[in-house]
Undergrad: 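Got a structure here, written out as structure tokens. Questions coming.
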Amino acid sequence: MIEVLKTGLETCVQDFPGRKGAFGMGFPPSGPIDHWSFRLANLLVGNEPGDAALECQFIGPALKFKAPAIFALTGGDMQAKLDGEYVPLWQSVAAGAGQKLEMGPALTGARCYISFAGGVDVPPFLGSRSTFVLGKCGGIDGAPLAVGGEIPVGVGEGISGRRIKRKCLPPLPNNGKWLIEVCAGPNDDWIDKAGQKRFLESMWKLSPKSNRVGFRLEGPKWTFTRKAIDKAPENGSDPSNTIDHGYPIGAINLGGQTPIILLNDTLTLGGFINPYTVPSCAFWKLGQSRPNEIYKFELISIEEAQARKRAINATCSEDSIELA
């Protein structure tokens, strides 16, 4: 067991790829937003890439090891220290019984992942250990970590001193600007050519009013085709309204003039259009971006999105690891 001394900000258990096949019952996949960093963390400690680990958002927790353990930190830099000594990112580290891991606010990135050899050993719910906070299910009691709580860890045989090769690391920008891939659709034909051009050429600010359900964006107004205006009344009065339909994960959901990128804990359906979709190959960027940072969107084909996802998948293997 690992004791929770401080919780951080909504630190939760997640696994990859999360809860699949339950969206139709109202349960989104959940899982880590930055699945690239998450899988590398597990590989460092000798786990399967998708094993359960912790996702920390913006401020990390403080933990006390009750037994010797091997752990690793990846993603954003939350100034982690083990008994006062700096803990390197992207490397497996040994902790002794009684040692304390203390983390602070993220200096870079937004989310840090903590893996433990053996994985976080909590019961699966609908085939996944991922926490869905709004649904109060998965993880540890369906909730973020609590002070005084314990994190159960399985049996593992990790070793310290394993690190990720530099060329295999996610390339986090240092200027607060992100180029985010999007694919057209499913409702891009509701936006006129001027509106599509404006979307792709504009700078969009990530609003602080964002969470694991969706990222709200601030930017210019949208303009619409006749299809969005001359429509049957059951589609709703606003140009962005339509008959209720299923929402894809990653959809840029347009409620009036406010675009929201639907993330891992999103709702299943609704009555707003989705002109573009952020493919899974770009989710690691969403996971590491911070409020008030800037997005510019890059239109790519579905085939290119799949190729970029395969390239990320290729780095999530033993070939990306070396000894420190």
Side-chain angles (χ1 to χ4, degrees), residues 12-23 28-55 72-76 89-92 109-117 119-120 124 127-130 156 158 162-173 178-185 212 215 248-251 261-266 276-289 297-323:
C12 288
V13 176
Q14 302 293 342
D15 63 7
F16 180 79
R19 188 166 290 106
K20 295 298 184 180
F23 212 19
S30 298
I33 301 178
D34 177 2
H35 53 78
W36 190 353
S37 296
F38 180 90
R39 287 181 283 173
L40 291 178
N42 269 318
L43 287 167
L44 282 169
V45 298
N47 294 345
E48 292 298 316
D51 284 351
L54 299 180
E55 179 179 80
L73 307 175
T74 62
L89 286 168
W90 311 105
Q91 182 173 317
S92 60
R111 287 169 176 80
C112 181
Y113 296 93
I114 313 176
S115 62
F116 308 99
V120 178
S128 170
R129 293 178 168 85
S130 285
R162 284 159 56 88
R163 68 184 179 194
I164 303 298
K165 297 175 183 176
R166 184 173 296 274
K167 66 179 181 180
C168 300
L169 298 177
L172 272 65
W178 298 83
L179 184 63
I180 307 291
E181 297 93 331
V182 291
C183 296
R212 282 179 50 91
F215 278 10
I249 304 295
I261 304 175
L262 303 181
L263 295 182
N264 302 46
D265 289 352
T266 193
Y276 297 91
T277 301
V278 178
S280 58
C281 66
F283 265 52
W284 71 270
K285 300 178 183 180
L286 303 180
Q288 294 303 339
S289 55
F297 292 101
E298 174 192 16
L299 183 63
I300 63 173
S301 67
I302 292 174
E303 291 76 17
E304 178 61 22
Q306 292 170 334
R308 295 186 187 192
K309 177 65 177 297
R310 286 193 293 269
I312 291 174
N313 291 345
T315 69
C316 297
S317 70
E318 281 291 322
D319 291 339
S320 296
I321 295 177
E322 62 185 5
L323 294 178

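These figures come from a predicted structure and were not determined experimentally. Numbers here are sequence positions counted from 1.
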Undergrad: Which atom pair, heavy atoms only, marks the closest approach of L179 to K285?
TA: O-NZ, 2.7 Å
Undergrad: Please check: side-chain N/O of R129 versus main-chain N/O of V13, any donor-acceptor pairing under 3.5 Å?
TA: no
Undergrad: Please round to the nearest 0.5 Å and tell me the distance separating atom CG of L40 and atom CD1 of I164.
TA: 4.5 Å
Undergrad: Would you compute the distance between atom CD1 of I33 and atom CZ of R212 and round it to the nearest 0.5 angstrom?
TA: 5.0 Å
Undergrad: Side chains of R39 and I312, heavy atoms from C-beta outward: is any pair under 4.5 Å?
TA: yes
Undergrad: Taking all heavy atoms of A41 and all of A72, pick out the closest pair and write down the distance.
TA: O-CB, 4.0 Å
Undergrad: With rounding to the nearest 0.5 Å, note down the distance linking CZ in R162 to CD in E322.
TA: 11.0 Å
Undergrad: Between W90 and L169, which heavy-atom pair has the shortest distance, and what is it?
TA: CD2-CD2, 3.4 Å
Undergrad: Going by heavy atoms in the side chains, are F116 and L54 under 4.5 Å from each other?
TA: yes
Undergrad: Please round to the nearest 0.5 Å and tell me the distance separating atom CG of N313 and atom NE2 of H35.
TA: 7.5 Å
Undergrad: Please check: side-chain N/O of S37 versus main-chain N/O of T74, any donor-acceptor pairing under 3.5 Å?
TA: no
Undergrad: Indicate yes or no: at least one non-hydrogen side-chain atom of P279 is less than 4.5 angstrom from one of R308.
TA: no
Undergrad: Within the side chain of K165, is there an N or O that forms a donor-acceptor pair under 3.5 Å with the backbone of D319?
TA: yes
Undergrad: Search all heavy atoms of I249 against all heavy atoms of P29 and return the closest pair with its distance.
TA: CD1-CD, 3.9 Å
Undergrad: Between C183 and Y276, is any pair of side-chain heavy atoms under 4.5 Å apart?
TA: no
Undergrad: Is the backbone N or O of P28 less than 3.5 Å from a side-chain atom of D265, with the two atoms forming a donor-acceptor pair by type?
TA: no
Undergrad: Measure the spacing between OG of S115 and CG of L73 and express it to the nearest 0.5 Å.
TA: 7.5 Å
Undergrad: Please indicate whether I302 has more than 12 foreign heavy atoms, meaning atoms of other residues, nucleotides or ligands, lying under 6.0 Å from its CD1.
TA: no
Undergrad: Is T266 close to F23 at the side-chain level, that is, under 4.5 Å between some pair of heavy atoms?
TA: yes
Undergrad: Hey, is the main chain of G185 close enough, under 3.5 Å, to the side chain of T277 for a donor-acceptor pair?
TA: yes
Undergrad: Tell me, yes or no, whether the heavy-atom count around E48 atom CD, taken from other residues, nucleotides or ligands under 6.0 Å, exceeds 12.
TA: no
Undergrad: Is a donor on one side and an acceptor on the other found under 3.5 Å between the side chain of E55 and the backbone of Y113?
TA: no
Undergrad: Is there side-chain contact between V278 and F283, with heavy atoms separated by less than 4.5 Å?
TA: yes
Undergrad: What are the two closest heavy atoms between L172 and W284, and how far apart are they?
TA: CD1-CZ3, 4.0 Å
Undergrad: For K309 and E181, run salt bridge (charged side-chain N to carboxylate O under 4.0 Å, His left out): C-alpha distance rounded to whole Å, both residues' side-chain angles, the deciding distance at 0.1 Å, then the answer.
TA: CA-CA 11 Å; K309 177 65 177 297; E181 297 93 331; over 6 Å; no
Undergrad: If you take all heavy atoms of Q14 and F38, which pair is closest and at what distance?
TA: O-CZ, 3.3 Å
Undergrad: If I take atom CG from residue D15 and atom CG from residue N42, how far apart are they, to the nearest 0.5 angstrom?
TA: 9.5 Å
